[in-house]
Amino acid sequence: MAEVAITFPNGEVRSYPAGTAVNEAIASWNQDVARTTVAARLDGKLVDVSHGIQDDSRLEPIDLASKEGLGILRHSISHVMAQAVKDTFDNVQITIGPSIEDGFYYDFEYAETFTPADLEKIEARMHQIVRADYPFERRELARDQAVALFSDRGESYKVELINDLPEDVKTVSLYSQGGYLDLCRGPHIPSTGMIRAFKLLNVAGAYWRGDERNKMLQRIYGTGFSTSQELEDYLRLLDEARKRDHRRLGRELDLFQMNEEAGAGLVIFHPKGTLLRTVIEDWERREHLKRGYDMVIGPQILKADLWMKSGHYDHYRENMYFTEVDGQSYGIKPMNCLSHMLIYKSKIRSYRDLPLRYFELGTVHRHEKAGVLHGLMRVRQFTQDDAHILCTPEQLNDEITAIADFVDYAMKIFGFEYEVELSTRPENSIGSDEDWNMATEALRQALESNRIAYDINEGDGAFYGPKIDFKLKDALKRKWQCATIQCDFTLPERFDLSYIGKDGEKHRPVMLHRVILGAIERFMGVLIEHYAGAFPLWLSPVQAVLLTVTDRHIPYGEGVYRQMLDSGIRVEHDFRNEKLGYKIRDAQLQKIPYMLVLGDREMESGRVTPRQRSGKNLESLGVAEFVALVKEQCARYQ
RNA sequence: GCCGAUGUAGCUCAACGGUAGAGCAGUCGAUUCGUAAUCGACAGGUUAGCGGUUCAAUCCCGCUCAUCGGCUCCA
């Protein structure tokens, strides 16, 4: 019998009879590794452990606990779930069921709706399947045979999937376990008995193939881990994440409300939320002025004709609100660019004037679909830290680089990591291919020359130009776009913007649309979750709270309060007739950075005793000293 | 917009086809207290809104609004 030479990860080469299964080879090499191997790479190709090795090759076991192994495990659990669903309910069709970042899902077509009680039934059946320890068996079938097989079984989605495969695909692979059969590329874990810890989480609707024109399927989400300890840890983490949900903290910290009577997607900022927002906006103004931006303010509504000229009417109308004034149609602005264009056009511009950078904390309205609204993250009225930069094509790279630096600086100041994406031309868009290519290249070059790592997001640009998106994550790991840089050759064209060049001729400027924090509302949402409401001193709406020990300390407290207000500290007082411990607890729950205790000792010496949010007490110090301390700790943000 | 779930006091949650209770918060009183909850009393609700079924609806049904989880879409 022929022999094959197998190279193991440690470099060891061993010889086996051809056809030896992957798991046998691994077991003979290292018994311990074999026990937790879920699949393997054979010369870089993913295979099941039951795969028979026919040629000399390099073999890398995939461990259950590795990221890849976990993905395979979860994918296998999704098959087990699909089996449990098929075993438990009639007239269910299976569609697709991949592993995802924190678990897996499977989409089903089923006339009834799955209820939470159904999930329990499904889980119960899954446990039986796991206990039965069915092997996952792979086989390959000619595609027409596979079509016939799934047609017989009434699985029309699987038939559609096979029919849509590229023509050169002649065979497909099928996996089965315990009477369940699925079309699947694999690999899978050896058998269902290897599954230790899983949980079904929720049911949701999902369009077949993610297309809203298609039928709505039912998606069951679940998660699985290699050990039950990890599962418990994950579930606890989910619970922690819920506690830092900005919608919950927004109420608990009295920052803002969304009110049913006011309308969906509309934020009402309470005093503390307004203070927080004001701190952020003040920071914005300072930083923009430092960087050569000019502050401007445009109107909230502009004539519909102007929105037609810009292309918004044709490409963005369904997101816009319109109103009528004296028989004239006006569009409520969904973006701030139009006024900025008009400012540019208000006089003849020279190349010496460029770049011009117009900055506006511009409030816009967008008619977002009801189902997408989400706390502060997705609203219908929001304020952008928006700017439009008009420059020559030669200045483009420097300007984009400066913006990327600004974003990076801002993210460091607020304490965020971020991811970068380059979004290219979408279907519904304006402008020539040539302009799009130039614009996209300008963005790409700026990213590359600054060595910024990025992903490409095909077809996700704005209708007028490509963009660089900067994404932040919320408590539940959902990504939100905050900063964005969009390169636009089209609007300057449509508005016939020009500048006089060195040559005395008219030239067309290029425009960059950009935001740094993005929508202030969304940014605040992410910020609240990022800090779990315990804002750093410079951002905290209330920086210090005065706590009297008894009523006789109130007059002293009033003096201290006055003094601190005068010094520009954001201070509150709690002079209630309550025990100190009670007031400390309250202040602690409000996540106030400094609690200043005022008792006999402080009153006599004219001092305050700060307690930090961390629970640590500082030495008593004079009011002026405390003010200086706060100012010093905020200095680098000013 | 689509699929599903939910909506009871300011908040968190009970209850039942016969018009609702608890804890916290609030108010009042007592207490004057040193680092995460002092005690007592009181008050608080057209059970999201509108309509229907019923002798009777918070509960059953329909519509609307809003929220939540997804999908699609986006800052």
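Note that this is a predicted model, so its numbers are computed, not measured. Protein chains get the first letters and strands the later ones, always in sequence-line order, with residue 1 at the start of each.
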Q: Give a yes/no on whether any side-chain N or O of A:Arg366 is located under 4.0 angstrom from OP1 or OP2 of B:rA75.
A: no

Q: Give a yes-or-no answer on whether the side chains of A:His388 and A:Asn336 include a donor-acceptor pair shorter than 3.5 Å.
A: no

Q: Name the nucleic acid region contacted by A:Arg576, choosing base, sugar-phosphate or nothing; use a 4.0 angstrom heavy-atom cut-off, strictly under.
A: sugar-phosphate

Q: Respond yes when some side-chain nitrogen or oxygen of A:Lys467 is under 4.0 Å from OP1 or OP2 of B:rA75, and no when none is.
A: yes

Q: With ring-ring contact (aromatic ring centres under 6.0 Å, His included) as the test, would you mind laying out the steps for A:His75 and A:Phe104 before giving the verdict?
A: CA-CA 6 Å; A:His75 182 196; A:Phe104 61 87; 9.6 Å; no

Q | A:Lys579, nearest nucleotide to its side chain (from B:rC33, B:rA75, B:rA36) | A | B:rC33

**Q.** Base of B:rC73 paired with side chain of A:Arg378 (donor-acceptor, under 3.5 Å)
**A.** yes

**Q.** Sequence-distant partners of A:Asp408, side chain to side chain donor-acceptor pair (under 3.5 Å), two or more places apart
**A.** A:Lys412, A:Tyr418

**Q.** Nearest-neighbour nucleotide for the A:Asn202 side chain, B:rG1, B:rG69, B:rC33 considered
**A.** B:rG69

Q. Is the A:Tyr316 to A:Tyr464 ring centre distance short of 6.0 Å?
A. no

Q. Which part of the nucleic acid, if any, lies within contact of A:Val379, taking any heavy atom under 4.0 Å across all strands shown: a base, the sugar-phosphate backbone alone, or nothing?
A. base

(Q) Heavy atoms only, 4.0 Å cut-off, all strands: where does A:Glu252 land among base, sugar-phosphate and nothing? (A) nothing

Q: Choose from B:rU35, B:rG70, B:rG69 the nucleotide whose nearest atom is closest to any side-chain atom of A:Met216.
A: B:rG70

**Q.** A:Tyr221 side-chain N/O to B:rG4 phosphate OP1/OP2 under 4.0 Å
**A.** no

Q) Going by modelled atom types, is there a donor-acceptor pair between the base of B:rG1 and the side chain of A:Tyr207 at under 3.5 Å? A) yes

Q.
Any base atoms under 4.0 Å from A:Val372, or only sugar-phosphate, or nothing? Heavy atoms, all strands.
A. base

(Q) Quick check: any donor-acceptor pair below 3.5 Å linking the side-chain of A:Glu318 to the base of B:rG1? (A) no

Q. Nearest-Å distance, CZ (A:Arg251) to C1' (B:rU67)?
A. 11 Å

Q: Check every atom of B:rG1, B:rC74, B:rG34 against the side chain of A:Glu212 and return the nucleotide holding the closest atom.
A: B:rG1

Q: Can you check whether any acceptor in the base of B:rU32 is under 3.5 Å from a donor in the side chain of A:Arg552, or vice versa?
A: no

Q) With a 4.0 Å cut-off on heavy atoms, is A:Arg601 in touch with a base, just the backbone sugar-phosphate, or nothing at all? A) base

Q.
Using a distance-only criterion (donor-acceptor N/O pair, under 3.5 Å, no hydrogens), is the base of B:rA37 paired with the side chain of A:Gln588?
A. no

Q. Within this structure, what is the CZ-to-P distance between A:Arg585 and B:rC24, rounded to whole angstrom?
A. 11 Å

Q) Under 4.0 Å: is that the gap between some side-chain N or O of A:Gln481 and OP1 or OP2 of B:rA75? A) yes

Q) Side-chain N or O of A:His553 less than 4.0 angstrom from OP1 or OP2 on B:rU32? A) no

Q) Between A:Tyr105 and B:rG69, is there a side-chain N or O to OP1/OP2 distance below 4.0 Å? A) no

Q. Atom NE2 of A:His367 to atom P of B:rC74: distance rounded to whole Å?
A. 15 Å

Q.
With a 4.0 Å limit, can you tell me whether A:Arg209 has a side-chain N or O closer than that to the phosphate oxygens OP1/OP2 of B:rU72?
A. no

Q: Would you indicate what A:Asp469 reaches in the nucleic acid, counting non-hydrogen atoms under 4.0 angstrom: base, sugar-phosphate, or nothing?
A: nothing

Q) For the pair made of NZ in A:Lys479 and C1' in B:rA75, what is the distance, rounded to whole Å? A) 16 Å

Q | Whole-Å gap separating P (B:rC11) and CG (A:Asn259) | A | 11 Å

Q.
Looking at A:Arg613, I'd like to know whether one of its side-chain N or O atoms comes within less than 4.0 Å of OP1 or OP2 on B:rA36.
A. no

